[in-house]
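Below, chains carry the letters A, B, ... as their sequence lines are ordered, and counting in each starts from 1.
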Amino acid sequence: MGVLSKIATNNRHGEDSPYFEGWKAFDRNPFHLTQNPQGVIQMGLAENQLCFDLIEDWIRKNPYASICTAEGVGEFKDIANFQDYHGLPEFRQAVANFMGRVRGGRVTFDPDRIVMGGGATGANEQIIFCLADPGDAFLVPTPYYPAFDRDLGWRTGVEIVPVHCDSSNKFRITRAALEEAYEKAREANINVKGLIITNPSNPLGITLDRDTLKSLVSFINEKNIHLVCDEIYAATLFCSPKFISIAEVIQEMDCNHDLIHIVYSLSKDMGLPGFRVGIVYSYNDEVVSCGRKMSSFGLVSSHTQFFLASMLSDDEFVETFLAESSKRLAKRYHIFTKRLEQVGINCLKGNAGLFLWMDLRHLLPQKTLEAEMKLWHTIVNNVKLNVSPGSSFRCQEPGWFRVCFANMDDETVDIALKRIEAFVRQGKEGGENTATRKHWQPNLRLSLKSRKCDQGVLSPHMMSPHSPMPKSPLVLART
Amino acid sequence: MAIEIEQPSSVELSKVAVSETHGENSPYFAGWKAYDEDPYHESNNPSGVIQMGLAENQVSFDLLEEYSEQHSEAFTWGKGAPGFRENALFQDYHGLQSFREAMASFMEQIRGGRAKFDPDRVVLTAGATAANELLTFILADPGDALLVPTPYYPGFDRDLRWRTGVKIVPIHCDSSNNFQITPQALEAAYKEAEAMNKKVRGVLITNPSNPLGATIQRSVLEEILDFVTHKNIHLVSDEIYSGSAFSSSEFISIEEILESRKYKNSERVHIVYSLSKDLGLPGFRVGTIYSYNDKVVTTARRMSSFTLISSQTQHLLASMLSNKKFTENYIKTNRERLRKRYEMIIQGLKNAGIECLKGNAGLFCWMNLSPLLEEQTREGELALWDSMLHEVKLNISPGSSCHCSEPGWFRVCFANMSEQTLEIALKRIHDFMQQRERQRKPISSQ
């Protein structure tokens with residue numbers, strides 16, 4: 001039988017990583033407030049579920065935004081037929097507008113530079129296809145989003161050269177670290193074509209400061225390599241300092257704009273990962289032109305473009321949404337950090353994102369990867385929380401964990417925190433069980449409202465919805 | 001603080017980015033540009049260019065609109081927004097189960113119930129464009145070759161080659177036998193690839209064929225399957241026009257051949273499908289890969305992360321396509337309307353003295369204008385095409401853009417316009433032919 005390609009048979013899809021063990025544990029025993037209160041709580045999923053009520057409300061009030069209602073069906077034919085890779089002009093306009101608002105109006109975006117991709121996943125792959133050849137490399141600061149290995153390298157054949165950051169300076173990217181990584185690559189005859197950063201950072205949950213951003217721009221300018229800024233978490237800012245986009249920085253500096261590219265998406269800011277809205281925004285005309293042609297492989301459904309064009313150009317709605325989302329994220333963040341602090345757990349001081357970067361180094365008997373993995377197994381299997389170990393983000397400093405907080409309701413937050421508190425206490429008491437058992441009782445307070453919220457997220461019947469993680473890597477199609 | 005840049009050096013993009021393999025400089029697209037500059041409109045621009053180069057199906061929208069209006073509560077968030085949240089969060093690359101089931105069922109219905117499809121083998125991608133590229137990434141390495149019968153859909157040059165680095169080696173077909181694929185042609189293409197030192201990984205056919213507008217006969221499908229089995233390579237069957245066969249019984253899917261062979265050796269076969277042509281929904285980006293190979297299914301599913309179908313759209317279509325009453329009626333009505341259009345254009349062309357390949361499917365006919373060529377060459381064909389575009393004001397697609405080795409053939413789309421517009425297009429062709437005839441006759445006989 002005909003053999004498959006190298007791409008098909010290698011493991012750069014990334015699913016063999018031990019990272020997925022936590023997911024399997026969740027899939028086998030998913031938490032549900034009423035039906036499975038002892039199950040594993042999913043805290044490895046960076047989703048934003050806090051503001052659906054606002055969107056649902058808007059939908060109810062705006063039936064013409066759907067092409068399947070009496071109010072909107074007049075547009076059905078034209079929209080269903082529309083496959084122009086430029087995208088609906090109204091959609092591009094609305095996205096450009098939204099991106100500008102998210103940055104407080106400090107920059108404006110040109111709708112003609114908006115290029116679509118199949119989610120940020122598709123957008124990141126697309127920009128790499130435009131900028132690098134197989135065998136070339138991109139610098140990526142650690143810790144980084146695990147799926148970059150797949151998104152940047154699987155089909156493109158491009159390598160990742162990590163730029164190591166650590167807690168000694170709050171994980172800031174230093175010029176020295178960049179130079180070191182760049183030189184090392186050059187010595188190994190690896191052709192570095194660019195640097196890709198995520199700002200706000202996943203998994204750190206912080207925005208990059210102005211000085212760092214400027215130093216990155218001057219670095220790439222000097223080396224004449226590209227800078228890709230994944231700003232997918234731009235609107236998840238919940239406290240100061242404010243978010244500074246690369247778009248703002250290049251307004252203040254002399255630099256070659258042909259080197260600057262932004263990747264964006266609505267999956268995190270608006271909580272719409274299912275809609276696959278990825279955006280490549282490049283300041284380089286050739287890249288826009290090429291990227292646009294490539295977007296044929298991952299266009300946003302015109303059905304979805306139409307709906308979003310409508311919603312995102314409702315300025316009043318957007319203002320309210322952004323303000324409210326920020327408030328709710330802040331609240332979540334503070335609940336978590338406060339209670340964690342009370343049991344002696346600190347987090348990197350964050351101001352954005354859907355997660356905390358939790359410091360459990362003090363719980364490691366040795367500062368090793370093995371110790372981190374052992375602790376992680378305990379947290380997943382005994383404490384029953386699927387958090388993500390720093391090593392899966394290629395963090396060089398063992399003991400850090402990413403904990404997502406925006407993908408669950410308030411009751412679940414409380415239960416998750418109680419479990420952590422109990423775990424810490426148990427550790428302090430040297431393994432004494434009886435006192436902690438009480439804290440492991442399920443929360444018996446039933447709330448109909450929370451049950452409705454649960455259906456979407458916590459029902460054991462629903463597949464883990466998150467990409468890149470599959471429901472189970474072990475699922476095979478049956479004949 | 002400011003950085004001195006002496007001269008912004010032109011920074012390099014990738015080889016893929018600077019190559020021309022995206023194919024947009026082909027005459028196929030030049031016609032589109034001419035149309036964009038001067039598009040026909042019934043009242044606003046009646047002398048504009050009529051677009052006949054776009055294989056879109058616009059004959060059955062009324063059925064879709066009617067369904068949408070009547071069922072808005074069931075599958076949209078029109079009024080009550082039920083299920084919005086769950087839907088908006090859903091990004092699982094397995095796809096909505098209900099949607100996969102609906103697709104499998106729809107594919108079965110199109111084949112008149114003669115085929116069975118397992119929803120767990122359905123992989124979803126954003127359009128057939130993505131499906132074809134994705135399969136190529138899985139089946140071939142850069143520098144390898146896929147054999148594709150000519151004439152073929154111009155977009156394959158981009159979809160199969162651009163980012164994958166895979167080559168297309170043509171399987172030449174010509175009018176001597178109605179452009180059917182022969183074992184000799186298959187063998188010749190294979191040898192040609194070998195001579196170029198290219199490893200052949202598979203054969204990709206489109207059935208029904210674009211641009212021929214005809215289904216592939218059972219015996220030919222058998223021969224192709226024998227060929228790929230013998231060479232131990234893959235077979236991709238792009239069945240995107242399967243629902244556009246004018247009569248259900250005339251289209252034979254590769255699945256039927258496999259079934260008759262009890263699925264022996266079927267792991268080398270993969271089917272591509274989409275709703276862009278049959279349902280006329282190209283904007284929704286709905287493509288599928290159906291593979292009989294477990295590893296291909298798993299890998300394709302992982303790769304589909306780069307090109308998932310919007311969950312909003314999956315939700316809408318799952319509802320529509322699982323309504324058997326609707327789909328049966330749609331499939332039947334759509335076929336009938338396409339057949340009528342086809343007959344209308346064939347008759348109109350016949351009246352103008354133009355012959356076409358006998359077709360039985362698709363949204364276009366394969367028209368023979370070779371008698372009109374000054375020289376039987378590609379240049380002759382392009383000269384004629386230029387006249388058609390600028391004098392007759394019709395954008396039709398020259399066979400050379402489909403890599404046809406025989407000059408003078410043109411693909412003419414008929415389902416992307418109203419009947420009135422088609423009448424006008426036919427009149428223009430008629431007038432053009434009459435004028436040509438007058439010019440040819442010597443003066444004394446006038």
Side-chain angles (χ1 to χ4, degrees), chain A residues 1-2 4-8 13 47 52 56 59-60 63 66 68-70 73 76-77 79-83 118 121-122 125 129-133 155 218 221 224 253-256 258-259 272-276 286 290 293 296-299 301-304 456 463 465 467-468 471 476-478, chain B residues 2-3 5 8-9 11 13-17 22 56 61 65 68-69 72 76-79 81 84-94 120-121 126 129-130 133 137-141 163 232-234 267-268 281-285 294-295 297 299 302 305-308 310-313 316:
Chain A
M1 157 43 256
L4 303 185
S5 68
K6 297 190 178 76
I7 286 176
H13 49 73
E47 275 178 356
F52 280 122
E56 283 161 358
I59 289 171
R60 270 187 287 272
S66 163
C68 304
T69 53
V73 78
F76 187 93
K77 180 177 158 137
I79 295 300
N81 226 28
F82 187 87
Q83 56 172 329
T121 300
E125 189 196 44
F129 264 124
C130 289
L131 305 180
D133 296 318
R155 303 194 303 182
S218 79
N221 248 295
N224 198 29
M253 290 174 81
D254 272 339
C255 74
N256 182 0
D258 279 347
L259 298 174
L272 307 172
F275 289 9
R276 314 317 299 149
E286 260 186 84
C290 172
K293 295 179 171 100
S296 301
F297 298 112
L299 295 174
S301 166
S302 56
H303 172 213
T304 301
M463 289 197 234
S467 161
K471 173 174 190 278
L476 282 178
R478 289 177 293 285
Chain B
I3 293 174
I5 306 267
S9 39
V11 59
L13 301 186
S14 66
K15 294 191 177 77
V16 164
H22 50 72
E56 274 177 1
F61 268 123
E65 284 161 348
S68 294
E69 243 184 316
S72 65
T76 72
W77 327 301
K79 303 267 190 301
F84 169 78
R85 181 198 167 107
E86 218 171 26
N87 187 240
L89 285 173
F90 188 86
Q91 58 171 329
D92 182 340
Y93 62 29
H94 289 78
D120 286 340
R121 291 195 171 280
T129 299
E133 187 197 45
F137 268 121
I138 291 178
L139 304 180
D141 292 312
R163 305 192 304 182
N232 194 22
I233 58 180
H234 294 275
E267 322 81 51
R268 65 184 71 257
L281 307 172
F284 287 9
R285 313 315 298 144
D294 288 355
K295 179 94 172 96
V297 172
T299 308
R302 287 181 176 141
S305 301
F306 297 110
T307 183
L308 297 174
S310 167
S311 56
Q312 180 194 19
T313 303
L316 156 60

Self-check item: Derivation and outcome, side chain to side chain contact (heavy atoms under 4.5 Å, CB included), residues A:Ile7 and B:Phe137
Solution: CA-CA 7 Å; A:Ile7 286 176; B:Phe137 268 121; 3.7 Å; yes

Self-check item: B:Arg285/A:Arg276 under side chain to side chain contact (heavy atoms under 4.5 Å, CB included): CA gap, chis, key distance, verdict
Solution: CA-CA 11 Å; B:Arg285 313 315 298 144; A:Arg276 314 317 299 149; over 6 Å; no

Quiz item: Do A:Cys68 and B:Leu316 pass the side chain to side chain contact (heavy atoms under 4.5 Å, CB included) test, and can you show the C-alpha distance, the side-chain angles, and the key distance before you say yes or no?
Solution: CA-CA 9 Å; A:Cys68 304; B:Leu316 156 60; 3.7 Å; yes

Quiz item: Step by step, would you call B:Phe306 with A:Phe297 a side chain to side chain contact (heavy atoms under 4.5 Å, CB included)?
Solution: CA-CA 8 Å; B:Phe306 297 110; A:Phe297 298 112; over 6 Å; no

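The CZ atom of A:Phe76 sits 5.5 Å away from the CG atom of B:Leu281 when rounded to the nearest 0.5 Å.
The two residues B:Lys15 and A:Asp133 come nearest to each other via the heavy atoms N-OD1, 2.6 Å. The two residues A:Cys130 and B:Ala17 make their nearest non-hydrogen contact at O-CB, 3.4 Å.
Between chain B and the residues A:Lys293, A:Arg155, A:Lys6, the most heavy-atom pairs under 4.5 angstrom are made by A:Arg155. Contact count versus chain B (heavy atoms, under 4.5 Å) is highest, among A:Gly118, A:Ala80, A:Gly298, for A:Ala80. Ranked by non-hydrogen atom pairs under 4.5 Å with chain A, the options B:Val16, B:Leu139, B:Ile138, B:Thr129 are led by B:Ile138. Of the listed residues (A:Leu299, A:Leu272, A:Ile79, A:Asn81), the greatest number of heavy-atom pairs within a distance under 4.5 Å of chain B belongs to A:Asn81. Contact count against chain A (heavy-atom pairs under 4.5 Å) is highest for B:Arg163 among B:Arg163, B:Glu56, B:Glu133. By number of non-hydrogen pairs under 4.5 angstrom with chain A, the leading residue of B:Ala140, B:Ala126, B:Ala130, B:Pro282 is B:Pro282. Among A:Gly122, A:Pro273, A:Ser296, the residue with the largest count of heavy-atom pairs under 4.5 Å with chain B is A:Pro273.
Judged purely by atom type and a 3.5 angstrom limit, A:Lys77 has no side-chain atom pairing as donor or acceptor with the backbone of B:Glu65.
Checked against ring-ring contact (aromatic ring centres under 6.0 Å, His included), B:Phe284 has the following partners two or more places apart in sequence or in another chain: A:His303. For the side-chain hydrogen bond (donor to acceptor under 3.5 Å, both in side chains) test, no residue two or more places apart in sequence or in another chain qualifies with B:Ser311.
With no hydrogens or angles considered, a side-chain donor-acceptor pair links A:Thr304 and B:Ser310 at under 3.5 Å.
For A:Phe82, the part lying under 4.5 angstrom from a heavy atom of chain B is the backbone only.
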